[in-house]
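Convention: sequence-line order gives letters A, B, ...; per-chain numbering from 1.
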Amino acid sequence: MLCPDRSFYARSTNIVANDLIGKRLVRIKRLSDNKLLRLSGTIVETEAYGFRSDPASHAFKGPTLRNQIMFGDVGKVYVYFIYGNHYCLNISAHSKKSEAGAVLVRALEPVEGVEIMKFFRRTSDELLLLSGPGRLSQAFSISKDISGMDVTDARSELHVEYVENGALHPTTISTSRIGISRSLNKRWRFVSGYSEGSELNMSKYVSRRH
DNA sequence: TCGATGATTGAG
DNA sequence: TCAATCATCGAA
């Protein structure tokens, strides 16, 4: 299936975060017996993180050992470890002018490999499989060893694909970002949504606190 | 070196 | 509501 190309990621980070909603995220994992495992889900929640104008971003203070992928070529995987327990998956994306940025992928709707993902997550609840950055990383077996991979290459072990039927939900809702203390005024979280009568609902696969 | 902190989660 | 748990970063 066709992947969004490099130019897709070479735009403002918030535009890329918005446009990733409804795309397919695909994980191809090489098992020890050399067989290939294919897992995938539809992106239903993202967040944009910028550079100078964004104190909540890892890139805010300039390049470091950890965040260097945010300053490099766009369309590359940036994984970091947080709270001593969880990996978070990002894709580098920014316009040439803004110099650095990344999109945090926060939630997916399960598509392929559901039973395998349930095993990795040690749960049978589909709503808890991919609904949060730490959860989707565990379900997709993502750690820092895939940092730097190219998501525009369909042969890559982690990549993004267009969905044949177009967007899952017609609407994208923007809100303030989750889990940060600074820049709460920016509405750089994007969620897949749909209309039901006069109500505007979020996808049930979005991350949320109980 | 060393201490503070965090783009989270599951349990209580 | 709270603690687990450790890589990263900037100060000392």
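- At the phosphate of B/dT8, OP1 or OP2 sits under 4.0 Å from a side-chain N or O atom of A/R106.
- For A/K144, a side-chain nitrogen or oxygen approaches OP1 or OP2 of C/dT8 to under 4.0 Å.
- A/L104 comes within 4.0 angstrom of a nucleotide base, judged by non-hydrogen atoms across all strands.
- In this structure, A/R121 reaches the sugar-phosphate backbone alone: every heavy-atom distance under 4.0 Å involves primed, P, OP1 or OP2 atoms, never a base.
- A donor-acceptor contact closer than 3.5 angstrom links the side chains of A/R189 and A/T175.
- The CG atom of A/L89 sits 15 Å away from the C1' atom of B/dT8 (whole-angstrom rounding).
- With ring centers used as reference points, A/Y80 lies under 6.0 Å from A/H58.
- Judged purely by atom type and a 3.5 angstrom limit, A/D54 has no side-chain atom pairing as donor or acceptor with the backbone of A/F51.
- Shown here, C/dT1 forms a base pair with B/dA11; the pair counts as Watson-Crick or G-U wobble because both key distances fall under 3.5 Å.
- A/R66 comes within contact range of the sugar-phosphate backbone alone, with a heavy-atom separation under 4.0 Å but no base atom that close.
- Residue A/K61 places its side chain closer to C/dG10 than to any other of B/dT9, C/dG10, C/dC6.
- A/F60 has its CZ atom 14 Å from the P atom of B/dA7, to the nearest Å.
- Here C/dA7 presents its C1' atom at 11 Å from CG of A/L65, a figure rounded to the nearest Å.
- Counting any heavy atom pair closer than 4.0 Å across all strands shown, A/A56 reaches a base atom.
- Closest to the side chain of A/T64, from the set C/dC9, B/dT9, C/dC6, is C/dC9.
- As a whole-Å value, the separation of A/N85 CG from B/dG6 P is 16 Å.
- Here C/dA7 presents its P atom at 16 Å from OH of A/Y80, a figure rounded to the nearest Å.
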Verdict with supporting geometry, A/E109 and A/K204, salt bridge (Lys or Arg N to Asp or Glu O under 4.0 Å) | CA-CA 9 Å; A/E109 176 172 334; A/K204 64 178 179 176; over 6 Å; no

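- Closest contact between the side chain of A/M70 and the listed nucleotides B/dA7, C/dG10, B/dT8 involves B/dA7.
- Residue ring and nucleobase are not stacked for A/Y83 and C/dA4 under a centre distance beneath 5.5 angstrom and an angle between planes beneath 30°.
- Within 6.0 Å of CZ in A/F119 there are 12 or fewer heavy atoms belonging to other residues, nucleotides or ligands.
- Rounded to a whole Å, the CG atom of A/D145 is 16 Å from the C1' atom of C/dA7.
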